[in-house]
Every structure is written in C-alpha cells, then in structure tokens.
> 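The structure under discussion is supplied below as structure tokens; questions concerning it will follow.
Given the structure is predicted, the values throughout are model-derived calculations rather than measurements.
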Amino acid sequence: MSEDTTPSRSNFITDIIDEHLENGRFDRVHTRFPPEPNGYLHIGHAKSICLNFGVAEDYGGQTNLRFDDTNPTTEEVEYVESIQEDIRWLGFDWEDRLFFASDYFGQLYNYALQLIQKGKAYVCDLSPDELRTYRGTLTEPGKNSPYRDRSVEENLDLFRRMKAGEFPDGSRTLRAKIDMASPNLNLRDPVLYRILHAEHHRTGDEWCIYPMYDYAHALSDSIEGITHSICTLEFEDHRPLYDWFLDELGVFHSQQIEFARLNLTYTVMSKRRLLQLVREGHVSGWDDPRMPTLSGMRRRGYTPEAIRAFADIIGVSKANSIVDMELLEHVLRDDLNNRARRVMAVVEPLKVIIDNYPDEGEETFEVPYFPWDRENSPTREVPFSKEIFIERSDFMEDPPKKFFRLAPGREVRLMNAYYITCTSVAKDAHGEVTELHCTYDPESRGGMSPDGRKVRGTLHWVSARHALDAELRLYDTLFTQPNPYDVPEGGDFKDNINPDSLQVIREAKLEPSLAEASVGEPFQFMRQGYFTLDSVDTHPGAPVFNRTISLVDSWAKLEAERGK
RNA sequence: UGGGGCAUGGUGCAACGGCAGCACAGCGGACUUUGAAUCCGUUGAUCCAGGUUCGAAUCCUGGUGCCCCGGCCA
C-alpha cells in the first residue's frame, strides 16, 4: 500500500477539505452517512454514500453509518435493515461504527439542560397554530413568544416534566432563544424538542420527548467527531443554526458542507413520491425493478460497480441539475459488457424447420461464454436439432434495404451453428407467418463455410425440443417525461406514469444452460440485452428473467427514423 | 432589495487571471460469428450589460433566470 493521500477525485468539497488540512482546522477526515430509517435507499442516496465513503477513503479517513432516528412516528426497523443491506451491497464498510442518533438521547437531553441554564433555551406553551403565527412570514419578522422570558428555574422544571411525561403531545416545546426577527427563519427560536408519546424502534417508551433534526444532527456530528458533515442544498439555510448549537455549547465543531442532490431523467427521487408509488400500487414494491431504489436496481440486475462508477462520473457540485438517464445506462452497459456471459434466448419465437436436417437428428456445440476470448473462456453445450426458434423480428418476407437478416431465398448464419437458407414461408388464415422452412449447409458447421462465402446476418436461435420456457420482463422508464413533474397546470407527476413500463413475455425460449442460472448472475442474451434471474418471482422450473438493460440497437434506430 | 444558493456545448462535470477540456448523447467511417462491443474521425458552450487587466468563464458593479426557506418532518 502506498501512503499516497492524494484524492482520486477532486471537487469543491475536496477543495474545502484541502484548505482545512492546510490551515490546521482539521488534521483528519471523518464523514458520516446519516439516513433516516423511514424508507428505502435510492440512487440519490448512493451518490451521497459514495461521496461520503469515497472522500474519507481518499484522505485515509473514516465514515460512520448513523441512523437519524429522531422521529419514531415514521421510522421502522424494516428500513434500518434494508439500508444496511444496501450500503453493504454497494461495497462500503462502516466497520464497528454503526450509530443511532437515539444512542445520544441522554446526552442530547443534558445539552438541552445546559442551553436552558445559559438562558439560550426555553419551554414554550404555544400551540402549533400559534407558533406558526408567531413565526412571521418570509418578509415580515416574527414575534417573541409570551413564554420567552420564563426563568431558568421554571424552564428547567417544565422541561424535566416534559421528559417525565406530564404533558400531552403538542402542548409544549423546548425552543432555542435566538432571534424572532432573523431573516433566516431557521433562527426564529427553532423548536429543539417536541412531546411525542410514541414507541421508538430502539428506545421503546423510554422517551416521550424527541429532539428535532437540526439539534440532534449537529450534536451527533460533534459527538462522533465528524469533521465534514456533507448534506444536501436545502440545508444551507440551516448551517447558521448548526453552527449556533456547537458554538453555544462549546463542543467539537464539525463543518457542514452542502451539495446538490441527484436528479435523474424519467424518474422521481423523493422518498415521499416513491412511497406513494408503492402504496398506490403503481409498482409492486420498493424493490420493483423499475424503481430507482437500490433494492429495485439490484433486483433489476444493476451491479454495485456500475452504480459507483456512475457516482464518480457525475461529479459533485452545488448546481441543481438533472442527469441524463443515458449516462447511467452507459456505465451499466459498460460494466455488464465486461462480465456478462453470452447466451442465446429468443424473446418472440418463430419456428424454423430445417428440411434437410435428419428428423431425429441432434448434435451439440460447445460454445464459449466469452466469445472474444475463446481460448480461456468457460463453455457450455448448446443443443441443435431439426426444429429451432429464431426471433420473429429476424425474418421479413419483404425486407427493406439494409435488412441483413432472414428473408425468402436469403442465407444467414445461425450463431455458432450453420448457415441456413429460407426456402418457404407458412402462414395462417390471417396471413400471419407461422413457421419457416429452411435448408442448412452441413459444410458450414460452427458458423463458417469452407468456401469462404460471406453471409451478412448472424442470428441467435434455440433448439425447439430443448428450449427452456421462461417469463421475461422487459422494462421501460417509469415515466414518459424526462422530468415527471413537468405537467400541465393542476396536473400531478403520476399523470406521467408510463403505462408501458413493464412488458411481460410469457413464452420466451431459452437455451437449456440457463436452467443453472443463479440470482445475481448477469447474462447477455445475445443481440437482445442484459438479463438476470428475478430474485422474487422465480420458482423451481419456472424461471423469470428481468431485462436489466437492452443492448444499443442501431437497427431499431434506423427503423424508427424510417418510420418518421 | 425578506434570507440563502446556483448559472460553461443537448446533458453532467472540469478549467481556481494565461490556448475553454473530459464524459454521455449526436453525426460520419472502420471492423465484426452480437446491427453489440471495440477503433478512428467530427459538430457543438462560458446568462446579459458595463468595468478592472497586456489578458476575464474566473475579479468588480448592475441586471436577468432558476432553485431552496414560513413542520412540533428530515
């Protein structure tokens, strides 16, 4: 290992860290990822995770995982478990530094007592409605609470009784005494503690007062010795408050730094909206493969490597932006291209009968999984017989120019097998093509003919007799608009839900080796796309494969342009 | 003049007073037992107006546009 601490990424945050390291503000880097356990992690969180863990790693520092569990009414253990699973899956390790804000409830309470004693906090009896009125507006100052000048003793007594459970929910709060006329609303005597007689997933009914985010977060960072507390832009206005707590209490002072959260085209990234999609049944769950959640992406076949590569490539800044989905897809394909086994599967089967092949004949080809490295590649046996399936779209009776696939009288190569020539077409009463008759050239075994003649098209295929039946799920974007919130007046983001985001193929034909596929293993169904076994709906003998991402298809693009 | 923040090709990110660059997308070509991948080439940008300077994306002034803030959510 080298001692090199030169950051491998550089951005405005590393600039700030470099400055801190140079001017002596800090002599180390310690970050944290602070999820609230009230939902599943999504690709936007992945950006933050990669940033926090990545930056610490670059500087030889550490990263804590800390659950921000200060609101028992929305938080659940289900989420704390899924969050840990997702972060581990992404490839990051918090070692023994798993913390919960609730670990600090005792200390946070004592800090509150200190603030009261300093005359910097008071118990307020205003109702939520009154409080809103007293807070003022964006352009007008607020008014001091009538309870603002209670004595230290009374505040101490009242706060202790709040903790003791003497008062009902919403009847009182502990507020910081700052400035009701501040143009920054966060400083207009913000609430520090509220009364909540709710069962907490870790502390049970030990507490009936819970600290607010601003207060708990700043002090949790301080307690853990976090040097750089990286959060999203909307907390920029909160930084003066963050600093106020640490200064008033005279404790270790972490530096909050804000960056722009990730937005992606054709999807939504807010936990509230995602939860809505789940609850209203627009998707099958948090792990629906169309969801931008890490669990959904994992099920879909995304790799952690691709997601981390994505996080690196998009960079970090303070400018609001919407990253093009195509960039995500690019890094995904790039990663899958290097690791996915190449196999054959027919999505929309069309039967081909090879007339001059022996009726009961059968043979197998040993085919490498990684065709570009035939020498070292593992292989599997692919059976061939008189009747095979090809892709319906690989045949056209009356093909346009530049269609290089099968057509009457035309010769193509069956990948790794033989050259075949289409001799006749069978149709049903509606004129629909039902099967094709072909002849094969026995000399072309393996896919090359000794006379060296060239064929332009190479098709994938599956032996009819040996085919493995499977369900395929083909996904499109969850929304039809690059920006789902782009709706006419009075509209809703759900108006843009793509009704065709899921296409189920029930009668796909796969090469038999796919019976051995395991969850998490990426495949390329050649000429189609990358697929992986569905971890939820696959049953013995009834495989379901998710299309992770299609291959780039320049023929489809040509056709689309022709259609215009 | 409530406060805070942000503006660089179509998209995302660099350039930190000295030739505006990278990636994706696009376009053209080569190669191909995947119309994939790969390779080669290529189009395209500093929000506006002033100012400072030999020199401004960068500094200053004034505009404009967009985002965030009035939970006892985070």
> Using the C1' atom in both, what is the distance from B:A56 to B:G17, to the nearest Å?
7 Å
> Using the six-membered ring wherever Trp is involved, compare the ring planes of A:F523 and A:F525 and label them parallel, tilted or perpendicular (cut-offs 30° and 60°).
tilted
> Is the NZ or CZ atom of A:K318 both under 6.0 Å from the centre of the six-membered ring of A:F259 and within 45° of that ring's axis?
no
> Heavy atoms only, 4.0 Å cut-off, all strands: where does A:L126 land among base, sugar-phosphate and nothing?
base
> Between atom CE in A:M325 and atom P in B:G10, what is the gap in whole Å?
22 Å
> How far, in whole Å, is B:U53 from B:C47 if one measures between their C1' atoms?
23 Å
> In this structure, how many angstroms lie between the P atom of B:C72 and the CG atom of A:D214, rounded?
11 Å
> Tell me whether the OP1 or OP2 atom of B:C73 has a side-chain N or O from A:K271 closer than 4.0 Å.
no
> With a non-hydrogen cut-off below 4.0 angstrom, is A:L131 in contact with a base, only sugar-phosphate, or nothing?
base
> Spell out protein contact along nucleotides 35-48 of chain B as letters: B when the base is contacted, S when just the sugar-phosphate is, - when no protein heavy atom is under 4.0 Å; keep the 5' to 3' order.
BSS-----------
> Which nucleotide, if any, forms a Watson-Crick or G-U wobble pair with B:C31, using both distances under 3.5 Å?
none
> Compute both the distance and the angle, then confirm whether A:R161 meets the cation-pi test with A:F167: under 6.0 Å from the six-membered ring centre, within 45 degrees of the axis.
no
> Residues two or more places apart in sequence or in another chain: which of them pass side-chain contact (heavy atoms from CB on, under 4.5 Å) with A:V552?
A:R333
> Would you mind telling me which of B:G3, B:C72, B:G4 lies closest to the side-chain atoms of A:E236?
B:G4
> May I ask which nucleotide in the shown strands pairs with B:A23, Watson-Crick or G-U wobble, both distances under 3.5 Å?
B:U11
> Of all the choices, B:U11, B:G5, B:G70, which nucleotide is nearest to the side chain of A:R132 once you look at every atom?
B:G70
> In terms of base orientation, is B:G71 syn or anti, with the syn window spanning 90° either side of 0?
syn
> Would you call the rings of A:Y104 and A:F99 parallel, tilted or perpendicular, where under 30° means parallel and over 60° means perpendicular?
tilted
> Any base atoms under 4.0 Å from A:F235, or only sugar-phosphate, or nothing? Heavy atoms, all strands.
base
> Counting only side-chain N and O atoms of A:T70, is one of them less than 4.0 Å from OP1 or OP2 of B:A74?
yes
> Hey, is the side chain of A:R194 poking within less than 4.0 Å of OP1 or OP2 on B:A74, counting only N and O atoms?
yes
> If you look at every strand shown and take non-hydrogen atoms under 4.0 Å, does A:D237 touch a base, only sugar-phosphate, or nothing?
base
> Roughly how far apart, to the nearest Å, are B:G29 and B:C6 at atom C1'?
41 Å
> What is the separation between atom CG on A:L196 and atom C1' on B:G71, rounded to the nearest whole Å?
12 Å
> Rounded to whole Å, how long is the line connecting atom CZ of A:F67 with atom P of B:C73?
21 Å
> For the side chain to side chain donor-acceptor pair (under 3.5 Å) test, which of A:R175, A:K177, A:R148 pairs with A:D189?
A:R148
> Determine, for A:Y419 and A:R413, whether the Lys NZ or Arg CZ falls below 6.0 Å from the six-membered ring centre while staying within 45 degrees of the axis.
no
> For nucleotides 13-17 of chain B, give me every protein contact, N/O to N/O, under 3.5 Å, one pair per line with atom names.
residue, atom, partner, partner atom, Å
B:C13, OP1, A:S317, OG, 2.6
B:A14, OP1, A:V316, O, 3.2
B:C16, N4, A:D15, OD2, 3.0

> Determine, using ring centers only, whether A:F67 and A:Y79 are less than 6.0 Å apart.
no
> Please work out which of the three classes, parallel, tilted or perpendicular, describes the rings of A:Y210 and A:H200, given edges at 30° and 60°.
parallel
> Please confirm whether A:F365 and A:Y418 have ring centers closer than 6.0 angstrom.
yes
> Which residue lies toward the 5' end of RNA chain B, A:L138 or A:I322, if each is placed at its nearest nucleotide?
A:L138
> What's A:H217 touching, base or sugar-phosphate or nothing? Going by heavy atoms closer than 4.0 Å.
nothing
